[in-house]
Amino acid sequence: MLHIDMDYFFAQIEEIRNPEYKNKIIAVCIFSGRTEDSGVISTVNYEGRNVGIKSGMPIVNAKKLAKSGIFLPADHKYYESISQTIDGLIRSNCTKVEKSSIDEWYALAEDEVETGKRIKLEILNSTNLTCTVGVAHSRLGAKMASDKAKPNGFLILGKEKERNLIDNSPVEKIIGIGPKTKDELNELGVKTVSDLRGLNQFILIEKFGKKTGAWLYNLGIGIYDSEIEERIEKGEFSRIGSLKENTREKGKILEKIVELEREAKEELKYSKKFYKTLTLIFITEDIKMHTKSRSFSKPRGEKETNLDEIKKLMSEFLDNERKEVRRVGVKFSGLVEMDGQTTLF
DNA sequence: GAACAGAAAAC
DNA sequence: CCTCCTTTCTGTTC
């Protein structure tokens, strides 16, 4: 299996688009609009990483680390179009392709080493962007290989190296193990994947749930999932945004929700899909996420208004929660194809 | 089995 | 001090 991962994607795109920034620190930012520099770093180039800037870091803190750095707003539409170009190149070279995010792909091909090299070159020729390719037997191994080789790298792992690399990795380097699972595993004395071996599978399932528990058990004994899922369609569309200030005022919150709903509907319109469920998202002052949703017996389209439901769901939330609201969002899910007919079911 | 809410993760 | 988007899983309730 191949794993193709674009190097510091958004920031690299900005480097290519603005050659005058060559060799400077470039950080692509998500500005929240609360204050001048509120928001976080999305992606930063290696010059920026060298001085300690990381993705997820508040923009204000990053600016302290790089007085002369270039801090640009994310231009998602443009990054998406480049992602599509790359997607086309990969698909024309591989037998099976899974696009796992805007800048990452898993793929199968006849001769994977040769194909990987060719893809790297074709991407460079047509976009001027570098990427890193990992080749291994499993999905996890391919991903670990590209992680290890980046940036602008190429790494092939045979079965034995693949197993060793995974076995000796700290658990938090494994895709699927985040901060919570890491902490819980560390408490059990598990630091690396190899420490998982020998743990009782029923204890793992009891502690981490059926799915994760069984997956961790298999990981420990060297069984890695390898399926490629060629899904194309998205299952939901959502928009989230920050309020100017934390508040509980219905008018202010509603105004933002309506604005976000309009944006999410644009996506919906573009996809020509209908939805069965509307969800409002609330992030309170303590950064906890809450949701309120309503499903409809008949799928709704881009034309229908949800104002009544939005007001009702919002009131329901505020009546049961006394914290202030920091951010809000709207989500359309349960997407279905409708082609004009409303009597599909 | 659907609806709803929340947790966790990846990006 | 704290952005945005999507997926997957789990528990609960009806």
Side-chain angles (χ1 to χ4, degrees), chain A residues 3 5-6 8-11 27-35 37-44 54-64 73-74 76 79-80 83 98-106 139-140 143 147 171-185 205-216 225 229 231-243 246 260 263-264 267 271 276-297 313 316-317 320-321 326-335 345:
Chain A
H3 182 248
D5 195 343
M6 297 306 296
Y8 61 105
F9 193 44
F10 299 171
V28 174
C29 308
I30 300 164
F31 292 99
S32 68
R34 300 200 115 200
T35 60
D37 274 340
S38 61
V40 297
I41 303 296
S42 170
T43 321
V44 59
K54 293 192 166 73
S55 66
M57 177 182 271
I59 296 164
V60 185
N61 297 1
K63 285 198 170 179
K64 287 179 201 152
H76 224 272
Y79 309 151
E80 189 58 53
S83 176
E98 174 182 337
K99 188 177 197 296
S100 79
S101 76
I102 194 166
D103 69 342
E104 259 180 75
W105 291 261
Y106 290 93
R139 195 185 155 90
L140 178 60
K143 166 89 174 162
D147 278 351
V171 287
E172 67 271 24
K173 297 275 180 221
I174 301 295
I175 187 144
I177 299 179
K180 296 276 180 185
T181 312
K182 182 216 166 193
D183 286 348
E184 285 182 78
L185 283 171
I205 287 173
E206 192 194 358
K207 207 159 166 57
F208 298 98
K210 215 174 160 150
K211 205 83 186 182
T212 307
W215 174 72
L216 286 170
D225 211 3
E229 302 269 347
R231 69 187 132 63
I232 304 169
E233 311 273 327
K234 277 190 207 166
E236 60 186 54
F237 295 109
S238 65
R239 274 291 174 281
I240 295 183
S242 295
L243 297 163
N246 296 356
L260 294 163
E263 290 177 23
E267 290 254 13
S271 77
K276 287 200 295 229
T277 306
L278 165 73
T279 303
L280 296 192
I281 300 162
F282 300 91
I283 289 115
T284 40
E285 51 190 328
D286 55 354
I287 322 286
K288 273 216 154 63
M289 181 183 286
H290 310 261
T291 57
K292 279 280 169 199
S293 67
R294 162 112 157 79
S295 296
F296 307 111
S297 46
L313 289 167
E316 255 172 55
F317 175 74
N320 290 294
E321 173 65 70
R326 182 186 180 98
R327 304 166 59 210
V328 288
V330 177
K331 173 163 85 179
F332 295 120
S333 59
L335 302 183
F345 302 105

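Throughout, a chain's letter reflects where its sequence line sits, starting with A, and its residues are numbered from 1. Predicted, not measured: the structure shown is a model, and the values here were computed from it.
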Visitor: What are the two closest non-hydrogen atoms of A:Arg34 and A:Leu243, and how far apart are they?
Guide: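 Between these two residues, the closest heavy atoms are NE-O, 3.1 Å.
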Visitor: Considering all heavy atoms of both residues, which atom of A:Arg326 and which atom of A:Ile287 are nearest to each other, and what is their separation?
Guide: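 Scanning both residues completely, I find the closest heavy atoms to be CD-CD1, 3.8 Å.
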Visitor: Within the structure, does a side-chain N or O atom of A:Thr181 lie under 4.0 Å from either OP1 or OP2 of B:dA8?
Guide: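 Checking B:dA8 against A:Thr181, no side-chain N or O comes under 4.0 Å of OP1 or OP2.
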Visitor: Counting primed atoms plus P, OP1 and OP2 as sugar-phosphate and everything else as base, spell out the protein contacts along nucleotides 2-11 of chain C at 4.0 Å heavy-atom distance: B, S or - for each nucleotide, 5' to 3'.
Guide: BBBSSBSSS-
Visitor: For A:Lys292, report the nucleic acid contact type (base, sugar-phosphate, nothing); a contact means any heavy atom under 4.0 Å.
Guide: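 If one applies the 4.0 Å heavy-atom cut-off, A:Lys292 turns out to touch the sugar-phosphate alone, with no base involved.
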Visitor: Let's see if you can work this out: which of B:dA5, B:dA9, B:dC11 has an atom nearest to the side-chain heavy atoms of A:Thr291?
Guide: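 That would be B:dA5.
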Visitor: Check the orientation of A:Tyr79 and A:Phe10. Use parallel for under 30°, tilted for 30 to 60°, and perpendicular for over 60°.
Guide: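 Aromatic pair A:Tyr79/A:Phe10 classed parallel.
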Visitor: With sugar-phosphate meaning primed atoms plus P, OP1 and OP2, does A:Leu278 contact a base, only sugar-phosphate, or nothing at under 4.0 Å between heavy atoms?
Guide: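 Result for A:Leu278 = nothing.
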Visitor: So, does A:Ser295 get its side chain near the phosphate of B:dC4, meaning an N or O under 4.0 Å from OP1 or OP2?
Guide: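 Checking B:dC4 against A:Ser295, a side-chain N or O does come within under 4.0 Å of OP1 or OP2.
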Visitor: Do the non-hydrogen side-chain atoms of A:Ser55 and A:Tyr8 ever get within less than 4.5 Å of each other?
Guide: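 Result no, sub-4.5 Å side-chain heavy-atom pair not found.
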Visitor: For A:Leu185 and B:dA8, what is the distance between atoms CG and C1' respectively, to the nearest whole Å?
Guide: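 It is 13 Å, rounded to the nearest whole Å.
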Visitor: Just wondering, do A:Val330 and A:Leu280 contact through their side chains at under 4.5 Å, heavy atoms?
Guide: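 In contact.
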Visitor: By the 4.0 Å heavy-atom rule, please label A:Ile102 as base, sugar-phosphate, or nothing.
Guide: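 The residue A:Ile102 makes no contact with any strand.
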Visitor: Between A:Phe317 (CZ) and B:dC4 (P), how many Å, whole number?
Guide: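 The answer, rounded to whole Å, is 17 Å.
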Visitor: Please work out if A:Asp103 contacts a base, only the sugar-phosphate, or nothing of the nucleic acid, heavy-atom cut-off 4.0 Å.
Guide: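 The answer is sugar-phosphate, as A:Asp103 gets under 4.0 Å only of primed atoms, P, OP1 or OP2.
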Visitor: For A:Leu313 and for A:Glu184, locate the closest nucleotide of DNA chain B by heavy-atom distance; then report the residue assigned to the nucleotide nearer the 5' terminus.
Guide: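 Here A:Leu313 is the residue nearer the 5' end.
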Visitor: Does A:Lys143 reach a base, just sugar-phosphate, or nothing at all? Heavy atoms under 4.0 Å.
Guide: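 Here A:Lys143 touches the backbone only, sparing every base.
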Visitor: Check for a donor-acceptor pair, side chain of A:Lys234 on one end and backbone N or O of A:Glu236 on the other, with a separation under 3.5 Å.
Guide: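 No: the side chain of A:Lys234 does not pair with the backbone of A:Glu236.
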Visitor: Looking at A:Asp147 and A:Lys173, is any side-chain nitrogen of the basic one under 4.0 Å from a carboxylate oxygen of the acidic one?
Guide: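 No salt bridge links A:Lys173 with A:Asp147.
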Visitor: Can you tell me the distance, in whole Å, between the CZ atom of A:Phe296 and the P atom of B:dC4?
Guide: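 My rounded result for the distance is 9 Å.
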